[in-house]
Amino acid sequence: MSDFFHRVYAVVRNIPEGKVCSYGAIARFLGSGKSARVVGYAMNASHLLDVPAHRVVNRNGLLTGKHHFDGNTLMQDLLAEEGIEVSDNQIIDLQKHFWDPSDFLNPSDFEFVTPYIPQDRKT
DNA sequence: GGATTGACCTAAT
DNA sequence: AATTAGGCCAATC
């Protein structure tokens, strides 16, 4: 696992309940503004960890990663439980629930983030 | 070990 | 305004 992934996980874990974030926002916050895709990839493996991956959506507020959850509406259901209205994989009030890490977190706090070593992961 | 592919985003046509 | 191309890091083939 790279440090980049750990930073991504750290940020995602800091997303408050009832809030969502976009891949790009996280990527930009971490310094690599163009690695939004990598953030998504990081999330792919995050389902084994204590990472609320359901709070990460794409820039349009679309639940692009819902397929990777069990069932078809699990992600939507999780968000709805936190008070986020979702309709047809689309968050209704995105800007209302949007949480920008750069507004609440300090990048320097993530330079010494403790790497999280997943157990269900191959060596 | 090279090539392809992702839960994406931005910039240039 | 809509489509295409490029880039990022890691994993899979």
Side-chain angles (χ1 to χ4, degrees):
Chain A
M1 293 295 268
S2 67
D3 293 321
F4 194 86
F5 274 36
H6 294 295
R7 294 200 189 105
V8 171
Y9 298 143
V11 172
V12 176
R13 266 182 278 155
N14 277 280
I15 299 176
E17 225 177 84
K19 293 287 180 182
V20 294
C21 189
S22 70
Y23 306 93
I26 296 171
R28 205 173 23 175
F29 171 73
L30 293 177
S32 309
K34 299 174 188 174
S35 31
R37 215 171 177 187
V38 185
V39 174
Y41 195 78
M43 310 256 60
N44 187 13
S46 72
H47 75 95
L48 302 169
L49 314 175
D50 292 336
V51 177
H54 61 276
R55 296 185 194 146
V56 183
V57 295
N58 73 343
R59 203 190 172 302
N60 292 313
L62 192 66
L63 279 63
T64 51
K66 88 162 191 175
H67 308 339
H68 297 267
F69 287 80
D70 295 338
N72 346 350
T73 56
L74 177 58
M75 186 174 182
Q76 178 172 339
D77 202 38
L78 289 170
L79 291 173
E81 254 182 68
E82 300 186 356
I84 300 174
E85 297 178 58
V86 178
S87 172
D88 192 29
N89 306 338
Q90 174 70 40
I91 294 178
I92 305 301
D93 285 325
L94 178 60
Q95 59 168 347
K96 178 182 171 186
H97 297 292
F98 192 81
W99 181 85
D100 194 343
S102 52
D103 286 346
F104 296 88
L105 301 178
N106 191 344
S108 49
D109 292 338
F110 287 83
E111 291 180 3
F112 47 87
V113 164
T114 309
Y116 187 103
I117 308 299
Q119 308 161 12
D120 296 275
R121 196 104 179 98
K122 60 184 175 184
T123 55

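Per chain, numbering begins at 1; letters A, B, ... match sequence-line order. Quick note: numbers below take in every heavy atom, side chains included, and nothing from hydrogens, waters or symmetry partners.
- Sorted by first and then second residue, the pairs that involve residues 61-73 of chain A and meet side-chain hydrogen bond (donor to acceptor under 3.5 Å, both in side chains), not counting sequence neighbours, are A:K66-A:N89.
- Within the structure, salt bridge (Lys or Arg N to Asp or Glu O under 4.0 Å) pairs that include any residue of residues 21-49 of chain A do not occur (at least two apart or interchain).
- Residue A:S35 has no polar side-chain atom (N or O) positioned under 4.0 Å from OP1 or OP2 of C:dG7.
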Q | From CA spacing to verdict: side chain to side chain contact (heavy atoms under 4.5 Å, CB included), A:V11, A:V39 | A | CA-CA 11 Å; A:V11 172; A:V39 174; over 6 Å; no
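- Nucleotides C:dA5 and B:dT4 have their P atoms positioned 16 Å apart, rounded to a whole Å.
- The line from CZ of A:F5 to CG of A:L30 is 11.5 Å long, rounded to the nearest 0.5 Å.
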Identify all pairs in which a protein N or O lies below 3.5 Å from an N or O of nucleotides 1-6 of chain C, and state each distance.
none

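- Only A:F69, listed by number, bring a heavy atom of residues 69-99 of chain A to less than 4.0 angstrom from any atom of DNA chain B.
- If you take CZ of A:F5 and P of C:dC9, they are 11 Å apart, rounded to a whole angstrom.
- Protein atom CE of A:M43 is 13 Å distant from nucleotide atom P of B:dA7, rounded to whole Å.
- Rounded to the nearest 0.5 Å, atoms CG (A:D88) and CD (A:Q76) are 8.0 Å apart.
- Atom CG in A:L30 sits about 11 Å away from atom P in C:dC9, given to the nearest Å.
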What's touching nucleotides 10-12 of chain B from the protein side, N or O pairs under 3.5 Å?
from, atom 1, to, atom 2, distance (Å)
B:dT10, OP2, A:R59, NE, 3.3

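- Partners of A:D100 according to the side-chain hydrogen bond (donor to acceptor under 3.5 Å, both in side chains) rule, which considers only residues two or more places apart in sequence or in another chain, are A:S102.
- Comparing B:dA7, C:dA10, B:dC8 by their closest approach to the side chain of A:Y41 singles out C:dA10.
- Atom CZ in A:R7 sits about 16 Å away from atom P in C:dC8, given to the nearest Å.
- The CG atom of A:N44 sits 16 Å away from the P atom of B:dT5 (whole-angstrom rounding).
- Annotation: side chain to side chain contact (heavy atoms under 4.5 Å, CB included) contacts of A:S46 (sequence neighbours excluded): A:Y9, A:M43, A:V51, A:A53.
- Identified under the ring pair (Phe, Tyr, Trp, His ring centres under 6.0 Å) test for residues 75-101 of chain A, with sequence neighbours left out: A:W99-A:F104.
- At whole-Å resolution of the value, NE2 in A:H67 and P in B:dA7 are 7 Å apart.
- Identified under the ring pair (Phe, Tyr, Trp, His ring centres under 6.0 Å) test for residues 13-46 of chain A, with sequence neighbours left out: A:F29-A:F110.
- Per the geometry, CZ belonging to A:F4 stands 12 Å off C1' belonging to C:dG7, to the nearest Å.
- Straight-line distance from the CZ atom of A:R37 to the P atom of C:dA11: 15 Å, rounded to whole Å.
- Looking at residues two or more places apart in sequence or on another chain, you find no side-chain hydrogen bond (donor to acceptor under 3.5 Å, both in side chains) involving A:D93.
- Scanning for side-chain hydrogen bond (donor to acceptor under 3.5 Å, both in side chains) contacts around A:E82 gives A:H54, A:R55, with sequence neighbours left out.
- Surrounding CD of A:E85 are at most 12 heavy atoms belonging to other residues, nucleotides or ligands under 6.0 Å away.
- Within the 4.0 angstrom heavy-atom criterion, base atoms lie near A:A53.
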